[in-house]
Amino acid sequence: MLIGKSPKIPTSEIISETTYLNRRKFLGQSTALIAGSSLLGSANAGLQPDDEITPEDIVTQFNNFYEFGTDKSDPYENAHTLTTDPWTVTVSGAAKKTGEFAFEDIIKGMTAEERIYRFRCVEAWSMVVPWMGIELKKILEQFEPTGDAKYVEFKTLVRPEEMPGQRSFFSSIDWPYVEGLRMDEAYNPLSIMVTGLFGKELPNQNGAPWRLMVPWKYGFKSVKSIVSIHFTDKQPLNTWQQLQASEYGFYANVNPAVSHPRWSQASERRLPSTLFNTNRRPTLPFNGYAEEVAHLYKGMDLKKFY
Ligand SMILES: Nc1nc2c(c(=O)[nH]1)N[C@H]1C(S)=C(S)[C@@H](COP(=O)(O)O)O[C@H]1N2
Ligand SMILES: [Mo]
């Protein structure tokens with residue numbers, strides 16, 4: 001049983017539920033070891049002694065994916081209609097290899113590894129999720145970005161026939177959903193492209209067939225169901241910034257010291273949370289990953305670049 005060093009598990013391989021539950025039990029019993037162990041690679045970095053994996057039904061049934069509706073239960077209810085095969089990804093901008101690629105060809109020969117990350121939404125709830133993913137750097141390097149690539153921008157699929165939220169008259173989002181990272185953020189070893197969850201294929205409502213995961217940033221950075229990768233020298237205008245720039249910035253680093261204009265970010269509700277046990281805990285700078293990422297923002301005023 002390996003927990004410190006994440007086992008390499010091919011995306012196609014299905015781990016049985018019992019194997020998974022055993023691993024989960026192990027995680028619950030030995031969290032102190034996990035948090036303190038020097039044997040740890042980046043796989044479980046940032047986990048705190050009281051972190052427990054969030055139940056799978058919450059991770060897959062309480063979602064934000066506005067293409068399928070704005071209620072937390074909408075993605076689970078509506079996303080089964082999404083067709084993810086074939087899946088084509090357009091690569092453009094400042095890179096030597098650009099064009100249209102089949103998703104399978106991009107990830108060919110790469111193995112998804114399990115990364116258990118804390119996950120913090122800007123709405124102040126959080127989870128601990130066993131993602132399966134591939135380091136973003138490995139994926140992006142294939143396209144040989146040039147010196148002009150200062151940022152990478154990602155876009156979600158636009159397909160109103162299968163995405164009821166994109167047909168909604170009330171939607172204020174200008175589709176596609178856009179997100180981006182600075183290249184050095186994208187190349188940080190914690191940044192991954194997620195292809196699975198709980199040792200299984202990524203469910204549609206969580207962003208199939210692949211979505212971004214940058215665990216030190218608010219959840220809205222983790223763009224789902226990606227069909228476009230664009231290398232650029234200009235800072236991308238991400239969807240939430242476009243909607244309300246005074247509330248949502250480009251960086252979106254988890255920061256207890258910078259309040260959202262309408263609520264504090266000093267603490268969070270760890271799901272499952274109930275009326276009687278709100279399960280509130282303090283929010284950590286960079287969501288607990290300061291050791292791995294704080295250097296990326298040296299000298300920057302994080303109150304200004306929120
Ligand atoms: N395309 C797209 N990606 C998205 C969103 C969205 O509405 N559309 N919501 C974001 C937000 S706000 C969060 S918190 C996470 C939620 O991921 P989860 O449903 O897997 O927990 O996805 C992010 N990625
Ligand atoms: Mo979010």
Side-chain angles (χ1 to χ4, degrees), residues 8 10-11 42 67 84-113 115 117 131-159 173-196 202 207-242 249-253 292-293 295-298 300 305:
K8 297 264 188 261
T11 345
S42 52
E67 284 83 342
T84 57
D85 187 12
W87 192 266
T88 307
V89 180
T90 305
V91 179
S92 60
K96 286 191 190 144
K97 296 189 178 150
T98 56
E100 305 223 316
F101 299 85
F103 168 63
E104 304 78 59
D105 291 337
I106 296 177
I107 60 162
K108 197 180 255 165
M110 297 184 183
T111 41
E113 57 176 300
R115 295 279 183 100
Y117 281 159
W131 308 105
M132 309 285 301
I134 300 166
E135 274 189 24
L136 182 58
K137 183 173 191 218
K138 279 193 209 164
I139 290 177
L140 297 182
E141 272 176 347
Q142 301 178 80
F143 306 114
E144 300 176 31
T146 66
D148 289 339
K150 307 286 184 232
Y151 300 89
V152 57
E153 180 185 81
F154 304 96
K155 286 183 185 149
T156 298
L157 177 76
V158 179
R159 194 182 285 156
I173 295 179
D174 187 12
W175 311 104
Y177 191 98
V178 177
E179 258 309 336
L181 296 171
R182 230 168 50 190
M183 274 317 268
D184 59 343
E185 299 179 310
Y187 277 14
N188 184 277
L190 288 181
S191 301
I192 57 172
M193 278 294 211
V194 165
T195 56
L202 189 63
W210 67 343
R211 61 90 63 84
L212 185 65
M213 183 47 55
V214 275
W216 70 95
K217 292 178 179 284
Y218 291 121
F220 67 80
K221 296 297 289 182
S222 299
V223 46
K224 294 176 170 183
S225 304
I226 294 166
V227 292
S228 158
I229 300 175
H230 180 67
F231 298 98
T232 168
D233 60 355
K234 288 181 192 65
Q235 182 174 299
L237 181 61
N238 47 316
T239 291
W240 282 95
Q241 188 189 358
Q242 192 182 329
F250 171 76
Y251 283 95
N253 293 318
E292 289 81 5
V293 301
H295 68 272
L296 296 169
Y297 311 102
K298 214 176 256 165
M300 279 176 68
F305 297 100

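Only a predicted model underlies this, so the values are computations on that prediction, with no experimental measurement involved.
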Minimum side-chain heavy-atom gap [X]-[Y] below 4.5 Å:
{"X": "Tyr117", "Y": "Leu190", "result": "yes"}
{"X": "Val214", "Y": "Ser222", "result": "yes"}
{"X": "Asp174", "Y": "Thr239", "result": "no"}
{"X": "Val223", "Y": "Tyr177", "result": "yes"}
{"X": "Leu202", "Y": "Val194", "result": "yes"}
{"X": "Met110", "Y": "Ile139", "result": "yes"}
{"X": "Val178", "Y": "Leu237", "result": "no"}
{"X": "Trp210", "Y": "Trp87", "result": "yes"}

Please answer whether the main-chain N or O of [Y] pairs with a side-chain N or O of [X] as donor and acceptor at a distance below 3.5 Å.
{"X": "Lys221", "Y": "Gly180", "answer": "yes"}
{"X": "Asn238", "Y": "Gly249", "answer": "yes"}
{"X": "Gln142", "Y": "Ile106", "answer": "yes"}
{"X": "Arg182", "Y": "Leu296", "answer": "yes"}
{"X": "Ser225", "Y": "Ala208", "answer": "yes"}
{"X": "Asn188", "Y": "Glu292", "answer": "yes"}

**OP:** Would you please classify the geometry between the Phe305 ring and the Tyr251 ring as parallel, tilted or perpendicular, with 30° and 60° separating the classes?
**Re:** perpendicular

Subject >> Parallel, tilted or perpendicular, as decided by the 30° and 60° cut-offs, for the rings of Phe231 and Phe143 >> reply: tilted

Original post:
Checking side chain to side chain contact (heavy atoms under 4.5 Å, CB included) for the pair Val227/Thr88: CA distance, chi angles, key distance, verdict?
Top reply: CA-CA 6 Å; Val227 292; Thr88 307; over 6 Å; no

If you take all heavy atoms of [X] and [Y], which pair is closest and at what distance?
{"X": "Ala186", "Y": "Ser191", "answer": "O-CB, 3.5 Å"}
{"X": "Thr111", "Y": "Ile134", "answer": "O-CG1, 3.9 Å"}
{"X": "Gly93", "Y": "Thr98", "answer": "O-CG2, 3.8 Å"}
{"X": "Val91", "Y": "Lys97", "answer": "CG1-O, 3.8 Å"}

Rounded distance (nearest 0.5 Å) linking atom [atom1] of [X] with atom [atom2] of [Y]:
{"X": "Arg211", "Y": "Thr156", "atom1": "CZ", "atom2": "OG1", "value": "9.5 Å"}
{"X": "Met193", "Y": "Leu136", "atom1": "CE", "atom2": "CG", "value": "5.5 Å"}
{"X": "Asp184", "Y": "His295", "atom1": "CG", "atom2": "NE2", "value": "7.5 Å"}
{"X": "Glu113", "Y": "Ile192", "atom1": "CD", "atom2": "CD1", "value": "7.5 Å"}
{"X": "Met183", "Y": "Thr232", "atom1": "CE", "atom2": "OG1", "value": "11.0 Å"}
{"X": "Phe250", "Y": "Glu179", "atom1": "CZ", "atom2": "CD", "value": "7.5 Å"}

**OP:** Considering only NZ, NE, NH1 and NH2 on the basic side and carboxylate oxygens on the acidic side, decide whether Lys217 and Glu185 come within less than 4.0 Å.
**Re:** yes

Original post:
With a 4.0 Å cut-off, would you call Arg115 and Glu135 a salt bridge?
Top reply: yes

Original post:
Under the side chain to side chain contact (heavy atoms under 4.5 Å, CB included) criterion, do Val89 and Ile229 qualify, and how do the steps go?
Top reply: CA-CA 7 Å; Val89 180; Ile229 300 175; 4.2 Å; yes

**OP:** Would you check if there is a donor-acceptor pair between the side chains of Trp216 and Tyr297 at a distance under 3.5 Å?
**Re:** yes

